[in-house]
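Throughout, protein chains are lettered first and strands after them, A, B, ... in sequence-line order, and every chain is numbered starting at 1. Atom set for the values below is all heavy atoms of this structure, side chains included, hydrogens, waters and symmetry mates excluded. Please read all numbers here as calculations on a predicted model, not as lab measurements.
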Number of protein chains: 2
Amino acid sequence: MKLSTRGEYGLRAMFDLALRYGAGPISLKSISERQDISSNYLEQLISVLRKSGLVKSVRGSQGGYFLGKKPADITVGDIIRVLEGPIAPVDCVSEDQTDLCHRAESCIARSVWKKVKDSINEVIDSITLEDMIQESENVKNNNPTHFI
Amino acid sequence: MKLSTRGEYGLRAMFDLALRYGAGPISLKSISERQDISSNYLEQLISVLRKSGLVKSVRGSQGGYFLGKKPADITVGDIIRVLEGPIAPVDCVSEDQTDLCHRAESCIARSVWKKVKDSINEVIDSITLEDMIQESENVKNNNPTHFI
DNA sequence: TCTATATCGTAGCAATTTGGTAGGGTATTG
DNA sequence: CAATACCCTACCAAATTGCTACGATATAGA
């Protein structure tokens with residue numbers, strides 16, 4: 001029951017961009033150094049994020065990446081789903097369910113997985129990059145809201 | 001963000017045993033046929049469940065498996081953790097965390113993963129096999145509580 | 001005591017996923 | 001026109017997944 005590093009690195013990179021939102025294009029190199037992620041690998045991940053519209057890019061010298069929307073309009077769920085595919089503990093509760101098993105409508109196990117899925121989605125869809133910025137400022141000011 | 005088939009098959013097998021709780025040992029063969037799971041593969045999974053104490057076994061002719069505790073005393077979380085290891089979207093929020101990164105205490109991404117983890121655990125630890133039996137009886141009686 | 005029935009245990013294996021590396025192409029700035 | 005930086009694709013080793021295979025051991029019943 002784990003995320004791959006794609007979602008993990010992806011969120012870190014997006015948060016890095018969120019902290020610098022409005023400051024012009026941020027080079028991949030600087031993100032990969034700050035976040036300690038291989039730049040070649042991060043490039044693949046950010047390419048997916050770009051194709052989804054979550055980030056935009058400027059090519060050439062002084063180019064780089066920046067968020068496609070305000071930090072308040074990007075949720076953790078947006079990022080994870082783009083990089084990891086739909087959240088689904090098992091295939092039969094996936095959004096793009098192609099292989100629904102014959103006993104689906106009465107399967108009790110399935111209803112358990114659905115509850116798990118809904119609960120994960122509720123969490124990741126309720127946290128925006130702006131929320132994370134706020135929390136990081138609270139931590140900086142020694143006022144850790146996450147302990148309340 | 002997926003479970004492997006280990007957790008999926010394991011829960012189905014345990015639910016199968018729960019439905020037959022008190023009826024003596026249930027053969028692996030009958031479970032694997034009802035649940036449509038390869039018996040050789042299921043044998044490996046149920047062996048792990050046995051070593052954890054969640055199921056007990058009787059060897060020899062007329063032998064089989066049965067729950068180690070009442071259905072009401074076994075949660076979905078017990079089963080999943082035994083078969084899949086600790087629930088943790090990323091390693092740094094795992095229970096048996098050996099590799100805590102240096103910025104752990106102020107890492108905002110980590111606090112997101114912790115919320116996801118807590119939310120999953122809350123769901124799977126609150127559902128027992130007995131709850132699943134109840135739900136299956138409601139479905140049978142055309143009184144689907146999961147639609148309310 | 002024999003035999004059928006089951007659980008136990010371990011080894012092996014093909015396919016897929018993961019987590020990258022490598023390297024060349026293209027666009028832009030100065 | 002050169003340096004910078006994004007863009008794209010191919011490749012690869014290691015780990016994981018989802019099994020199969022097969023022999024050993026234990027027990028019930030004839």
Side-chain angles (χ1 to χ4, degrees), chain A residues 1-13 17 20 24-68 80 83-86 88-91 99, chain B residues 1-13 17 20 23-33 35-68 80 83-86 88-91 99:
Chain A
M1 197 61 179
K2 274 185 53 181
L3 230 54
S4 71
T5 57
R6 296 172 62 85
E8 185 185 350
Y9 292 175
L11 178 60
R12 296 232 305 271
L17 288 179
R20 288 157 188 81
I26 310 296
S27 78
L28 183 85
K29 188 155 175 282
S30 73
I31 303 174
S32 80
E33 279 168 2
R34 273 190 300 271
Q35 300 298 326
D36 197 30
I37 301 170
S38 145
S39 65
N40 274 321
Y41 186 44
L42 184 55
E43 198 172 338
Q44 290 175 36
L45 307 185
I46 215 164
S47 161
V48 177
L49 291 166
R50 184 178 55 83
K51 279 162 189 162
S52 79
L54 289 178
V55 306
K56 296 194 188 309
S57 62
V58 176
R59 297 179 70 163
S61 183
Q62 308 301 316
Y65 297 93
F66 53 95
L67 294 186
I80 296 182
L83 290 171
E84 305 258 353
V90 306
D91 285 335
D99 51 350
Chain B
M1 198 60 179
K2 274 185 55 180
L3 231 54
S4 71
T5 56
R6 297 171 62 84
E8 184 184 350
Y9 292 174
L11 178 61
R12 295 229 307 268
L17 288 179
R20 288 157 188 83
I26 310 296
S27 78
L28 183 85
K29 189 156 175 283
S30 73
I31 303 174
S32 80
E33 279 169 1
Q35 299 299 326
D36 197 30
I37 301 171
S38 144
S39 66
N40 276 320
Y41 186 45
L42 183 57
E43 200 172 334
Q44 293 174 32
L45 307 185
I46 214 162
S47 162
V48 176
L49 291 166
R50 184 178 55 83
K51 279 163 189 161
S52 79
L54 288 178
V55 307
K56 295 193 187 313
S57 62
V58 175
R59 296 180 69 164
S61 182
Q62 307 301 315
Y65 297 93
F66 53 95
L67 294 185
I80 295 182
L83 290 172
E84 304 259 353
V90 305
D91 285 336
D99 51 349

Quiz item: Over how many whole Å does the gap from A:L3 atom CG to C:dT18 atom P extend?
Solution: 10 Å
Quiz item: Are any non-hydrogen side-chain atoms of B:T5 and B:R12 less than 4.5 angstrom apart?
Solution: no
Self-check item: From C:dT21, D:dC19, C:dG9, nucleotide with atom closest to B:E43 side chain
Solution: C:dG9
Quiz item: Think B:S57 has a side-chain N or O under 4.0 angstrom from the OP1 or OP2 of C:dT7?
Solution: no
Quiz item: Is the shortest side-chain N/O distance from B:Y65 to OP1 or OP2 of C:dC8 below 4.0 Å?
Solution: yes
Self-check item: Residue-phosphate contact under 4.0 Å: A:Y9 side-chain N/O, C:dG20 OP1/OP2
Solution: yes
Exercise. Tell me what A:I46 touches on the nucleic acid: a base, only sugar-phosphate, or nothing, going by heavy atoms under 4.0 Å.
Key: nothing
Quiz prompt | Length of the CG-C1' vector between A:L17 and D:dC6, whole Å | solution = 14 Å
Quiz item: Do any side-chain nitrogens or oxygens of A:R50 fall under 4.0 Å of OP1 or OP2 in D:dC7?
Solution: yes
Quiz prompt | Spacing between A:L45 atom CG and D:dC8 atom P, to the nearest angstrom | solution = 15 Å
Quiz item: So, do A:V55 and A:F66 sit near enough that their side-chain heavy atoms are less than 4.5 Å apart?
Solution: no
Quiz item: Of all the nucleotides listed (C:dA22, D:dT20, C:dT7), which has the minimum atom distance to the side chain of B:S27?
Solution: C:dT7
Quiz prompt | Touch class at under 4.0 angstrom, heavy-atom based, for B:K51 against every strand present | solution = sugar-phosphate
Self-check item: Protein-nucleotide distance (B:E33, atom CD; C:dA6, atom P), rounded to Å
Solution: 10 Å
Quiz prompt | Between P of C:dT16 and NZ of B:K2, the distance in whole Å | solution = 13 Å
Practice problem: Could you tell me the separation between the CD atom of A:Q44 and the P atom of C:dG23, rounded to a whole number of Å? | Solution: 15 Å
Quiz prompt | Atom of B:E8, atom of B:L3 and distance for their closest heavy-atom approach | solution = N-CD2, 4.3 Å
Quiz prompt | DNA chain D: 5'-proximal contact among B:E84 and B:V58 (nearest heavy atom) | solution = B:E84
Practice problem: Could you please name the option among C:dT26, C:dT7, C:dT21 that lies closest to any side-chain atom of A:R59? | Solution: C:dT26
Quiz item: OP1, OP2 of D:dT16 versus side-chain N and O of B:S4: anything below 4.0 Å?
Solution: no
Exercise. Starting at atom CG of B:D36, determine the distance to atom P of D:dC19, rounded to an integer number of angstrom.
Key: 10 Å
Practice problem: Assign each of B:S61 and A:Q62 to its nearest nucleotide of DNA chain D by heavy atoms, then name whichever residue's nucleotide is nearer the 5' end. | Solution: A:Q62
Practice problem: Determine whether B:Y65 and B:R20 make a side-chain contact, defined as any pair of heavy atoms from C-beta on separated by less than 4.5 Å. | Solution: no
Quiz item: For D:dC7, does OP1 or OP2 lie under 4.0 Å from any side-chain N or O of A:S47?
Solution: no
Exercise. Evaluate the side-chain proximity of B:S39 to B:K29: yes if any heavy-atom separation is below 4.5 Å, no if none is.
Key: no
Quiz prompt | Spacing of A:K29 atom NZ relative to D:dA3 atom C1', expressed in whole Å | solution = 13 Å
Quiz item: Do A:E84 and A:S4 touch side chain to side chain, with heavy atoms closer than 4.5 Å?
Solution: yes
